Amino acid sequence: MAKRVFLIVLDSFGIGGAPDADKFGDAGSNTLGAVLSFSDEPYPNLSKMGLLSIDGEDDPRIISYKNARPELPSPIGSYARVREISAGKDSTIGHWEIAGIISDKPQPTYPDGFSDEIIAKLEKATGRGFLCNKPYSGTDAIRDFGEEHVKTGKLIIYTSADSVLQIAAHEEVVPLEELYDICAKAREIMSGDDAVGRVIARPFIGEPGNFTRTANRHDFSLTAPSSTMLDLLKSEGYDVISVGKIYDLFAGKGLTESNPTKSNTDGINKTIAMMDRDFNGLCFVNLVDFDMSYGHRNDIQGYATAMHEFDDALGVILSKLKEDDLLIITADHGCDPSTPSTDHSRECIPLLIYGDGYNVPCNLGELTGFNNISNIVLSALMSRDYKRSFSPAADTNKPDANNIMSYVDLTNLKTTATEKDIEALIDRAIALKTASVCIQPCYVKDAVRYANGRVAVCTVIGFPNGYHTTAAKLFEAKDACDNGASEIDMVINICFVKAGRYDEVFEEIKLLAEAVHAKGAILKVIIETCDLTEEEKVLLCKMVSDAHADFIKTSTGFSSAGAKTEDIVLMKNNISPDVRIKAAGGIRTEEAAQEMISNGAVRIGASRLGN
């Protein structure tokens with residue numbers, strides 16, 4: 001369960017591949033492909049988040065970029081391609097869908113400009129005339145109509161292929177507060193069938209021939225038609241903090257704090273500063289320059305430079321994440337700067353997730369609907385971990401010195417075992433008063449039902465070779481606990497030990513321990529001593545101790561050798577006091593079991609004892 005979620009929207013950073021792009025006139029658009037075609041420099045942190053590992057990246061520009069960089073880092077979290085299902089491709093609809101609202105009809109657009117009726121209403125409400133009234137590039141609009149605006153005081157009104165009404169005015173001709181008031185009135189007028197997604201104030205400064213837009217843009221968005229994840233989180237008492245134009249896109253609803261920004265750099269800096277604050281909830285960030293300054297202006301170089309700036313900052317953001325933080329990086333649509341169009345493009349978006357609950361590499365494939373993101377945010381902040389009620393209760397076995405079988409996990413891990421074999425094993429274990437039965441994961445639910453609380457059920461994870469991915473082991477362990485196993489014996493990734501990838505080995509043990517403990521079960525870590533050097537055994541003793549696992553276990557019993565007395569002694573001398581030892585593999589007599597116990601083992605894995 002996360003305490004803080006940082007949701008960062010790279011405005012317009014699409015990755016192509018929308019299945020319905022042709023319906024929007026955007027077939028072949030790919031913002032990521034355009035950016036990668038310009039820059040030869042690596043994006044190490046975005047790559048580490050999984051950007052270049054997403055399914056469906058078949059644009060030749062992306063393929064060429066990746067082929068030239070075989071050293072790209074492997075992902076550290078979850079990543080996916082996400083397709084939009086709302087009927088639109090603008091920022092408002094994109095953000096609404098991210099926040100959980102599906103828009104089944106597009107917002108109105110005005111390819112021929114606004115009607116005489118609308119203009120008449122605006123003139124009456126504002127007391128000013130209007131110029132332009134066409135679909136237009138914002139920078140071209142102030143270039144072509146700015147001088148007349150300065151002379152006459154008439155406002156420059158224009159639109160685009162998106163559902164927007166934009167009003168530009170020189171700050172020395174129309175003061176900002178007046179321009180904002182004019183746009184607020186326009187927002188009231190543009191309702192019903194004319195309910196555009198956004199009315200945008202576009203102030204500028206300068207002299208004829210040298211007009212430039214300022215950072216004082218302000219969006220007056222249409223209010224969302226129903227509650228969003230922001231409203232829900234706020235109503236539940238969570239902090240909902242915006243950075244950038246999130247406030248505008250949601251008309252201020254559902255927020256507890258707003259932080260306007262003047263640029264990507266400003267937004268990045270405010271996000272990093274937010275990471276040093278203590279809050280409980282969502283920090284929702286929009287970095288608008290990708291769209292406003294580069295995508296709409298077909299400035300590939302500027303877009304690539306801005307992406308490098310964010311990638312550098314992402315390294316800082318990752319370094320500041322706390323254990324109960326979740327970081328999500330995504331987009332709201334595309335705006336391919338390499339196509340003749342300067343408008344938004346209908347593209348899929350990247351979804352890159354790292355942190356609490358998502359700190360193992362996992363390819364999520366393609367997800368349908370940006371609203372998957374709201375589900376991830378709400379689950380991260382609001383879901384609870386429930387401990388399982390095991391019977392008998394987990395870790396309550398008290399060995400009886402007069403009954404060596406009370407130390408034993410009576411085991412049947414044969415690949416040919418039937419349900420009847422497992423039932424026979426349970427009957428033997430109950431009669432012998434063993435610590436548990438250790439069985440295949442596929443039989444856990446059946447075994448729990450048959451045992452009916454008379455003996456604990458243990459199972460194995462990543463068995464017997466340990467080279468499963470961490471994500472697979474985590475799922476397997478949680479599933480086993482939910483099926484009733486109160487003890488989990490997992491095999492470490494010996495391949496990674498031999499490859500010197502010790503950080504990954506430790507992180508896996510730690511994640512498994514946390515997941516199993518969250519369910520109320522215990523974790524035994526099998527290190528397969530016969531495959532290790534003494535130095536590796538000592539190192540793994542420390543890893544198991546530092547990861548707070550419950551047991552360290554010698555062997556699977558499926559490799560070249562099993563438990564040895566000298567390994568038990570070595571473990572005893574190198575584990576922390578909280579870690580116990582399980583000896584397993586090749587222990588066929590009570591005398592052999594007693595020798596292991598005498599040297600420090602408190603649990604024995606065996607299949608033949610008690611016959």
Side-chain angles (χ1 to χ4, degrees), residues 11-12 90-92 110 113-114 118-119 122-123 125-160 162-190 196-222 242-249 251-252 258-267 270 286-297 299 302 342:
D11 201 307
S12 84
D90 59 50
S91 291
T92 300
Y110 300 85
F114 301 101
I118 290 174
I119 294 297
L122 290 170
E123 288 178 342
T126 63
R128 290 181 179 267
F130 288 87
L131 303 169
C132 185
N133 190 24
K134 300 175 183 177
Y136 231 93
S137 159
T139 51
D140 290 349
I142 61 176
R143 180 197 66 203
D144 295 346
F145 296 94
E147 186 172 359
E148 185 178 355
H149 158 71
V150 171
K151 288 178 180 178
T152 65
K154 293 182 177 180
L155 301 164
I156 303 170
I157 187 170
Y158 61 100
T159 185
S160 71
D162 298 319
S163 183
V164 293
L165 182 155
Q166 306 190 67
I167 300 176
H170 196 291
E171 291 188 0
E172 294 178 7
V173 175
V174 181
L176 281 176
E177 290 307 313
E178 182 182 352
L179 177 60
Y180 294 161
D181 181 64
I182 288 168
C183 288
K185 291 173 179 175
R187 176 71 276 172
E188 293 178 5
I189 291 169
M190 302 305 290
V196 291
R198 286 175 293 159
V199 173
I200 306 176
R202 290 288 198 176
F204 64 95
I205 57 173
E207 303 296 328
N210 191 31
F211 290 127
T212 57
R213 296 197 293 195
T214 71
N216 295 317
R217 162 185 172 160
H218 187 58
D219 292 34
F220 296 78
S221 286
L222 187 66
S242 72
V243 176
K245 72 173 186 177
I246 299 298
Y247 180 93
D248 295 333
L249 291 166
S258 174
N259 297 274
T261 61
K262 296 184 180 298
S263 64
N264 272 10
T265 302
D266 187 26
K270 284 180 176 174
N286 177 282
L287 300 179
V288 73
D289 282 359
F290 297 114
D291 184 53
M292 181 178 70
S293 299
Y294 310 117
H296 285 303
R297 298 182 185 181
D299 182 355
T342 59

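Predicted model, so just to flag it, every value in this text is computed and none were measured. In this chain, residues are counted from 1 in sequence order.
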With sequence neighbours left out, what residues match Lys185 under salt bridge (Lys or Arg N to Asp or Glu O under 4.0 Å)?
Asp181
How many angstroms lie between atom [atom1] of [X] and atom [atom2] of [Y], to the nearest 0.5 angstrom?
X      : Y      : atom1 : atom2 : answer
Thr159 : Ile167 : OG1   : CD1   : 11.5 Å
Ile119 : Glu123 : CD1   : CD    : 6.5 Å
Phe130 : Ile156 : CZ    : CD1   : 11.0 Å

Is [Y] close to [X] at the side-chain level, that is, under 4.5 Å between some pair of heavy atoms?
X      : Y      : result
Arg297 : Thr342 : no
Lys154 : Phe145 : no
Ser160 : His296 : no
Met190 : Ile118 : yes
Leu122 : Leu155 : no
Val164 : Val196 : no
His149 : Leu131 : yes
Thr214 : Lys262 : no

With side-chain contact (heavy atoms from CB on, under 4.5 Å) as the criterion, how do Glu178 and Arg128 come out once you've worked through the C-alpha distance, each side chain's angles and the decisive distance to 0.1 Å?
CA-CA 11 Å; Glu178 182 182 352; Arg128 290 181 179 267; 3.0 Å; yes
Report the C-alpha separation of Asp248 and Arg217 in whole Å, then their side-chain angles, then the decisive distance to 0.1 Å, and conclude whether the side-chain contact (heavy atoms from CB on, under 4.5 Å) test is met.
CA-CA 10 Å; Asp248 295 333; Arg217 162 185 172 160; 6.0 Å; no
Should the pair Arg198-Asp90 be classified as a salt bridge under the 4.0 Å nitrogen-to-oxygen rule?
no
Between Ile142, Val174, Leu179, Val173, which is the residue that forms a side chain to side chain contact (heavy atoms under 4.5 Å, CB included) with Pro203?
Leu179
Is the count of non-hydrogen atoms from other residues, nucleotides or ligands lying under 6.0 Å from Lys134 atom NZ greater than 12?
no
With no hydrogens and no angle check, do the side chains of Asp144 and Tyr136 hold a donor and an acceptor under 3.5 Å apart?
yes
Assign the ring pair His218 / Tyr180 to parallel, tilted or perpendicular, where the plane angle (0 to 90°) is split at 30° and 60°.
tilted
For Tyr294, check ring-ring contact (aromatic ring centres under 6.0 Å, His included) against everything at least two apart and list the hits.
none
For a side-chain contact (heavy atoms from CB on, under 4.5 Å) check, start with the C-alpha distance between Ile205 and Glu172, then their side-chain angles and the critical distance, and finish with the verdict.
CA-CA 7 Å; Ile205 57 173; Glu172 294 178 7; 5.9 Å; no
Full working for side-chain contact (heavy atoms from CB on, under 4.5 Å) between Asp11 and Leu287
CA-CA 6 Å; Asp11 201 307; Leu287 300 179; 5.9 Å; no
